[in-house]
Number of protein chains: 2
Amino acid sequence: MSKLDESLLTGLPPFSLLERSQIREILDHALPKRYDEGAEIFHEGHDAERFHLLLDGYIRVVKTTEGGEQIIALHISPGQLFGIAPALNRDTYPATAIAASESLALSWPVRLWGDFTTKYPGFATESYSTLGQRLGEMQTRITELATQAVEQRVAAALLRMVTQSGRKVEEGIEIAFPVTRRNISEMTGTTLHTVSRLLSAWEKDGIVHSTRKHIVVTAPHRLVLLSGAQG
Amino acid sequence: MSKLDESLLTGLPPFSLLERSQIREILDHALPKRYDEGAEIFHEGHDAERFHLLLDGYIRVVKTTEGGEQIIALHISPGQLFGIAPALNRDTYPATAIAASESLALSWPVRLWGDFTTKYPGFATESYSTLGQRLGEMQTRITELATQAVEQRVAAALLRMVTQSGRKVEEGIEIAFPVTRRNISEMTGTTLHTVSRLLSAWEKDGIVHSTRKHIVVTAPHRLVLLSGAQG
DNA sequence: CCGCAAGTTTGCTGAAGGACAAAGTGGTCC
DNA sequence: GGACCACTTTGTCCTTCAGCAAACTTGCGG
C-alpha cells in the first residue's frame with residue numbers, strides 16, 4: 001500500500017491550518033476507497049464506524065420514509081467531510097450515502113474524531129462551521145418547502161446544484177454529476193412528472209438544456225428570477 | 001444582585017456532569033432575565049453577543065422570508081440552550097427568538113463559549129448532542145413537508161408540541177404555551193384557515209378541544225394515526 | 001361598559017399539481 | 001444487432017388546499 005500524497009489535504013478547509021507533519025499523521029490513518037456511481041458508502045441506521053472525506057466525485061445523502069419514498073437530504077462535493085455522526089455524538093448514521101458519480105473518499109475510524117478535534121483545534125472549528133452551514137441550508141429548504149410553489153423550488157434546487165458543482169461548458173453551466181428528474185423531485189418534494197414538465201418548458205424558453213441525466217443551465221439569471229428572488 | 005441558586009443548573013443535561021464548584025463558577029457569569037409573552041430575546045442577523053439557557057417558559061425561534069412570511073424553526077423548552085451561534089462558529093444569530101409565554105432565561109457572553117467547552121468537556125458533548133437532535137428534527141420536518149399532506153403535518157405538529165410541553169389536565173393533555181392557528185400554520189407550511197378547519201373537524205370528532213390560543217389533545221392516539229404513522 | 005384589536009370560523013372558487021396511464025427514447029448487455 | 005431496462009415525455013382527470021371575503025368571538029384597555 002503506497003503512501004497518500006499530502007497535497008490531497010492541504011488547502012481543504014478542515015485541514016488548512018495544520019502543519020505538514022500533522023497532515024502526514026492524519027493521512028497515515030486514512031483509508032482511501034473508490035466508489036462506482038450508485039454505490040452505497042454507508043447506510044441509514046448502521047453503526048457509524050468511520051467518518052469520511054470526499055476527494056473526488058459527488059455524494060448524495062438520502063433518507064427513506066416508511067412509505068418507501070426517498071428524500072435527498074444533502075449533496076456532498078469534493079473537500080467536504082460527510083458521515084460525521086461522531087461530531088453530533090451519534091453512534092449510527094442518520095442517513096444513507098450514495099455515490100452520485102464515480103467517487104473517491106478517505107475515511108477514518110470514528111474513535112479518531114476525538115483525537116483530531118482535541119489535537120487540531122482548527123479541525124474542530126472548521127467541522128462545526130460546516131455543520132452550521134448545513135443547518136442553515138436545511139432551514140432554507142424548510143422555508144422553501146413551506147412557502148414556495150413547486151416551480152420556484154425546482155429552480156432553486158437547480159441553482160443550488162449549479163453553485164455547488166457547476167462547470168463551464170460552451171452552452172452555459174453544467175451540473176457536474178448525473179441527475180435524473182426523479183432525483184430533482186426527491187430534492188424538492190414533488191413528482192418526477194412535474195419536474196419533467198418544468199424542464200421541458202424551460203428548455204423551450206432557452207433557460208436550460210437537458211439530456212438524459214445531464215443538465216446545462218444556459219440562462220442562470222432567468223432561473224434566479226423564477227426561483228422567487230422576488231420575480 | 002443576589003446570587004443564583006446552584007440547583008437551577010444541576011440536573012440539566014448540559015451541566016449534569018459538572019461539579020458543584022464548576023456550576024457555581026458558571027452561574028456567577030450568568031445574567032438572568034425575564035421576558036413577557038411576545039418579547040424578543042434576540043433578532044435574526046444581529047451580532048450574536050450572548051448565548052442563552054431557558055429556565056422557565058417557552059421560546060419560539062422564527063425566520064422571516066423576504067415575502068414577510070414567518071416560519072417557526074424551533075420551539076425551546078426549559079433546560080435547553082438556545083441562540084448558540086458560537087457553537088456553529090457564527091457571529092450573527094440565524095433567526096429571531098420570541099417568548100411564546102412569559103419566560104425566564106440565563107445568558108452568557110459568547111466569548112465564554114470557548115471557555116465552557118474546553119474547561120468542561122461534558123458541556124461540549126451535550127451541546128453537540130443537542131445540535132445533532134435539532135439537525136434530526138429539521139430533517140424530519142423536511143421529509144414531512146416533502147411527502148405528507150397538510151392534515152398529517154398539522155397532526156404531527158400538534159403531537160410534537162404535546163410531547164415537548166404537554167401537561168396533563170382532566171380532559172387530556174394540554175399544550176403548555178399559547179398557540180394560535182397562525183402559529184400552527186407557520187410550523188406546517190399551510191394557512192391559518194386550513195388549520196382552523198382541521199381543528200374544527202377534530203373537535204367534532206372528539207380528538208382535540210381548543211379555545212383561543214389553547215389546545216388540549218383529548219385523543220392523542222387518534223392524532224398519531226392521522227399523522228401518517230401508516231394510518 | 002364600550003370599542004377595538006386580535007384571533008377564529010366558515011363559505012365559495014379556482015388553480016396547482018398529484019395520480020394514473022401510456023408511449024417514446026436512449027443505453028447497455030448479451 | 002436485438003432486447004430489455006431505466007429514464008423521459010405528454011395527456012387527462014380530479015383532489016387538495018390556497019386565496020378571497022366576510023362575519024363572529026373574546027379579551028383588553030381606556
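Side-chain atoms are counted along with the backbone in the values below, which use heavy atoms only and exclude waters and symmetry mates. The structure displayed is predicted, hence computed values, not measured ones.
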Requested in this report: Starting from the C-alpha separation in whole Å, work towards a yes-or-no answer on side-chain contact (heavy atoms from CB on, under 4.5 Å) for A:Glu137 and A:Leu74.
Outcome: CA-CA 9 Å; A:Glu137 283 163 30; A:Leu74 206 55; 4.0 Å; yes
- Task: Assign the ring pair A:Phe42 / A:Tyr93 to parallel, tilted or perpendicular, where the plane angle (0 to 90°) is split at 30° and 60°.
- Result: parallel
ask   = Does B:Arg212 get its side chain close enough to the base of D:dT26, under 3.5 Å, for a donor-acceptor pair?
value = yes
field: Aromatic ring pairing B:Trp113/B:Phe51, orientation class (parallel under 30°, perpendicular over 60°, tilted between)
entry: perpendicular
When rounded to whole Å, the CD to C1' distance for the pair B:Glu69 and D:dA18 reads 11 Å
Between A:Glu151 and A:His193, whichever has its closest DNA chain C nucleotide further toward 5' is A:Glu151
Taken to the nearest whole Å, NZ/A:Lys204 to P/D:dT8 is 18 Å
Contacted region of DNA chain C by chain B, from 5' end to 3' end of the hits, cut-off under 4.0 Å to heavy atoms, spans C:dA6 to C:dC12
Whole-Å distance, A:Arg181 CZ to D:dC7 P, equals 11 Å
Here the distance between atom C1' of D:dG27 and atom CD of B:Glu37, to the nearest Å, is 13 Å
For A:Arg160, is the CZ atom crowded, meaning more than 12 foreign heavy atoms sit under 6.0 Å from it? yes
Testing D:dC17, D:dG19, D:dA21 for proximity to the side chain of B:Arg197, the answer is D:dG19
Practice problem: Assign B:Leu199 to base, sugar-phosphate, or nothing according to its heavy-atom contacts below 4.0 angstrom with the strands shown. | Solution: nothing
Q) B:Thr194 side chain N/O closer than 4.0 Å to the phosphate oxygens (OP1, OP2) of D:dA18? A) yes
Smallest heavy-atom separation, B:Glu144 atom then B:Ala156 atom, equals OE2-CB, 3.6 Å
- Task: Remember a base hit wins even if backbone is also touched, and classify A:Ser196 as base, sugar-phosphate or nothing at under 4.0 Å, heavy atoms.
- Result: base
Do B:Thr180 and B:Leu192 have side-chain heavy atoms sitting under 4.5 Å apart?
no
Whole-Å distance, B:Leu192 CG to D:dA21 C1', equals 13 Å
> Does D:dA18 have OP1 or OP2 sitting under 4.0 Å from an N or O in the side chain of B:Thr191?
Replying inline: yes
* Think B:Thr211 has a side-chain N or O under 4.0 angstrom from the OP1 or OP2 of D:dT26? -> no
In the structure I gave you, are the side-chain heavy atoms of A:Leu158 and A:Val179 within less than 4.5 Å of one another anywhere? no
